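Below is one structure, written out as C-alpha cells; comments come after it.
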Protein chains: 2
Amino acid sequence: MRLNASSPIPLYRQLADRLRSEIDAGVYTIDSKIPSENDLADQFRIGRPTVRQATDLLVRQGQLERRRGSGTFVKKAEPAIDVLSLAGTSAAFSNSELNAQLELLSGATLESNGHYCVKRRALVDDIPVLLETLHFHAELFPGLDQQSLTDRSLSALVKEVYFLEPISADQTFSVLMADAHYANVLDLPEQTPLLHVHRRLHFHDNPDALHADIVCRTDRFEFSQTLYPTHANSHASSKAGQQTQPLQLKPL
Amino acid sequence: MRLNASSPIPLYRQLADRLRSEIDAGVYTIDSKIPSENDLADQFRIGRPTVRQATDLLVRQGQLERRRGSGTFVKKAEPAIDVLSLAGTSAAFSNSELNAQLELLSGATLESNGHYCVKRRALVDDIPVLLETLHFHAELFPGLDQQSLTDRSLSALVKEVYFLEPISADQTFSVLMADAHYANVLDLPEQTPLLHVHRRLHFHDNPDALHADIVCRTDRFEFSQTLYPTHANSHASSKAGQQTQPLQLKPL
DNA sequence: TTCATCAAGTTGTCTTGACAACTTGACCGT
DNA sequence: ACGGTCAAGTTGTCAAGACAACTTGATGAA
C-alpha cells in the first residue's frame, strides 16, 4: 500500500487526506484509535516523521488527538456554527429542554425585489417568542420555492443544494415597537418594545445573498451569547481579524 | 550560546521562549526577519528540525510567519478582544471616525452589595449614545476606588493591576423602556425603548467577578458584530466549544 | 482479590543528512 | 537602463536512527 511518490502533493498531505476520508467513511469512529505511527509508517512505506506531519495536520484541524503512550484517537467533530438559526441547529432547537418549536409560517415566496421570502416563528411552551423573516437572493437560490424547508436545517439546505457556506455573518441589534402585524404574530399588545436582530450572511463572491430579520420578545425570554477572547499566548491562533467583537457602534 | 540541555523543558520550547522574549523586547521588530533556521541551529548548537519545532510553535501562535525562500518574519500581533469595551479598545473608541468619546460619569464607588460601581457614558458628536454601569467584586478588585480609570483601558487596568484576564464573557440582549434616570442621562424622552446588553465576565476560579449593564439608544445608531463560522476543514481549529454562537434563547 | 512490578507498545524529542522548491540579488548581455 | 540568467541562501519535505517519557496490560505475590 503506497502513496504516490511522484505526485506533486507531498506525501504527508496524501496520508492526511487518506486518514481523513477513512475517518469520514467510518473506518475509524469517534474516540477510536487509528494505527500507531510506526504501523502507518510500515504500512505506507514512509518514515515516521512523515506520518507525524500528517497526523500533526489532522491534530491541528481538530480531527485527531494524540495521547502519549496510548496512541492517536479520533476526536468528536465540533459542529460548525449555524448562523441561520438561533440556538445552533434546528434539531437542537426542537430537542432542547425548552419545549421549543419552530414553525414555518410561509414557505419561499418570490417577492418583487428578486428575493425569496421565508417566514418562521419560534414558540416555547406554545408562547410565541420570535418571528424570523429570511430573504434569499433568487438568482443564487433558484428553485427555492420547490424545496422542502422542514426536512433539514436551512444551513444544510443552503450547503447541500446550493453549495454555499457563509464565511461570515453580521448581526445588528436594535429596538422596535410592535405594530399590528408583530402584535398578532407574537400575540402581545401593540407598541410592546421588541428586540430586532438583522442578520446578513456573506458568502465568497456574494456578499448579500441572504439576510434575515429576527424580532424577539424579551419580557419572558432572554437572548444571549458567549464570547471567547483569544489571548496573545494561547494555543490556537485565530485567523487575522476573525474574532467576534462584543459590539461595534455605527451610525444609521 | 547554548540552551539548557539538562532542563526538563524541551529544547524547542526553550528556543521558542527565547525568540518570543526577543520579539517582545524589540530585538526583532514587526515585519523584520529573524535569523535563518540554519543560523539559529549553528548559534544554539542544535539541529535544524529542533529550530523548526520552535518556530512552528510561534507560527501557530501567530507571532511568526515563514516565507519559503526568504526567511521567517515577525507578524503583527492581533489584538485580543477587549470584552470590557464596545468598540474593541477605549483608544479606538476615541480615535474613530465617529467623533466618539467616552466619559466617566462616576468613578468606583463601593456599594452595599460588596461591588464597586463605575458609570460611564459614550457620546457621538455630543449626542449621548449609551450608558454603561460596571460592577466590580470588591474583594477581587481591592482599592479600585484609588485607581485612575482614565489612564488606560479598563481591560488593561484589570490585567496589569489585578492580573485577571477573562476567559469568556456572556452577553444577554433585551429591551427596556427609559425611566427618568435613563431619559436624563441619554437626553431622550421617557418610555423610549432602549437596547439593554448585560455583560458578565468569567475569570478562572471567579465566575462572577465583574458584570456590566449597557443601555443603548438605537434610533440613531446601530450596534453590530460579525460572526465567523469555523468550518470543519479549516486551517485553524478552534478550541472545543469556543465559538461564539449567534444567539441562544433562554427563559428568564 | 488487590496491589505492585515489569515488559511491550506508543508518542515526544532530538540528531544528522539530503534533496526539492522557492526567493533574492548580483552579474552579464543587449 | 533593462531584462535574463545563475548562484547563493532559505524554507519545505523526507529519511533513518535513537533515546526519553508515558500508558496499558499481564503476571506474580501477598
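If you're wondering where the values come from, they're calculated on a predicted model, not measured in any experiment. Here is the naming used below: chain letters follow the sequence lines, and residue numbers restart at 1 for every chain. Below, each value reflects all heavy atoms present in this structure, side chains not excepted, and no hydrogens, waters or symmetry copies.
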* Which nucleotide in the list C/dC14, C/dT11, D/dT11 gets nearest to the side chain of B/T50? -> C/dC14
* Rounded to the Å, how far apart are B/R68 CZ and C/dT24 C1'? -> 15 Å
* Cation-pi between A/R67 and A/F73: NZ/CZ under 6.0 Å from ring centre and within 45° of the ring axis? -> yes
* Structure fact -> Here the distance between atom C1' of C/dT15 and atom CG of B/L11, to the nearest Å, is 11 Å
* Asked: Of the nucleotides D/dT11, D/dT13, C/dG12, which one has an atom closest to the side chain of A/R66?
  -> C/dG12
* Expressed in angstrom and rounded to an integer, what is the separation of A/E65 atom CD from C/dG12 atom C1'? -> 16 Å
* To do: To the nearest Å, give me how far apart CG (B/L40) and C1' (D/dG9) are.
  => 14 Å
* To do: Please report, rounded to the nearest Å, how far the P atom of C/dT13 is from the CZ atom of B/R13.
  => 7 Å
* To do: Tell me which nucleotide among D/dT10, C/dT11, D/dT23 gets nearest to the side chain of A/S70.
  => D/dT23
* Structure fact -> Walking DNA chain D from its 5' end, the first of A/R67 and A/V51 to be reached, judged by nearest nucleotide, is A/V51
* Asked: Do A/F136 and A/Y116 have ring centres separated by under 6.0 Å?
  -> no
* Asked: Is A/G47 touching bases, backbone alone, or none of the nucleic acid, heavy atoms closer than 4.0 Å?
  -> sugar-phosphate
* Does a side chain donor of either B/D170 or B/T172 reach within less than 3.5 Å of an acceptor in the other side chain? -> no
* Please state whether the phosphate of C/dG12, meaning OP1 or OP2, lies under 4.0 angstrom from any side-chain nitrogen or oxygen of A/R52. => yes
* Asked: Rounded to whole angstrom units, what separation is found between the CG atom of B/L64 and the C1' atom of D/dT10?
  -> 15 Å
* Structure fact -> Per atom distances to the A/Y12 side chain, the nearest of D/dT11, D/dC14, C/dT13 is D/dC14
* Asked: What's the closest nucleotide to the A/P49 side chain, out of C/dT15, D/dA16, C/dG12?
  -> D/dA16
* **Residue-phosphate contact under 4.0 Å: B/S36 side-chain N/O, D/dG9 OP1/OP2** => no
* Asked: Hey, is A/D31 close enough to A/K75 for a salt bridge, meaning N to O under 4.0 Å?
  -> no
* To do: Whole angstrom is fine here: how far is it from CG in B/L3 over to P in C/dT13?
  => 15 Å
* Looking at the side chain of A/Q53, which of D/dC14, D/dG12, C/dG12 is the nearest nucleotide? -> D/dC14
* Look at the side chain of A/R48 and the base of C/dG12, then say whether one donor and one acceptor between them are separated by less than 3.5 Å. => yes
* Asked: Within less than 4.0 Å of OP1 or OP2 of D/dT10, is there a side-chain N or O belonging to B/T72?
  -> no
* To do: Send over the distance from A/F73 CZ to D/dC22 C1', rounded to a whole Å.
  => 13 Å
* To do: Look at the rings of A/F173 and B/F173 and say which category their plane angle falls in: under 30° parallel, 30 to 60° tilted, over 60° perpendicular.
  => parallel
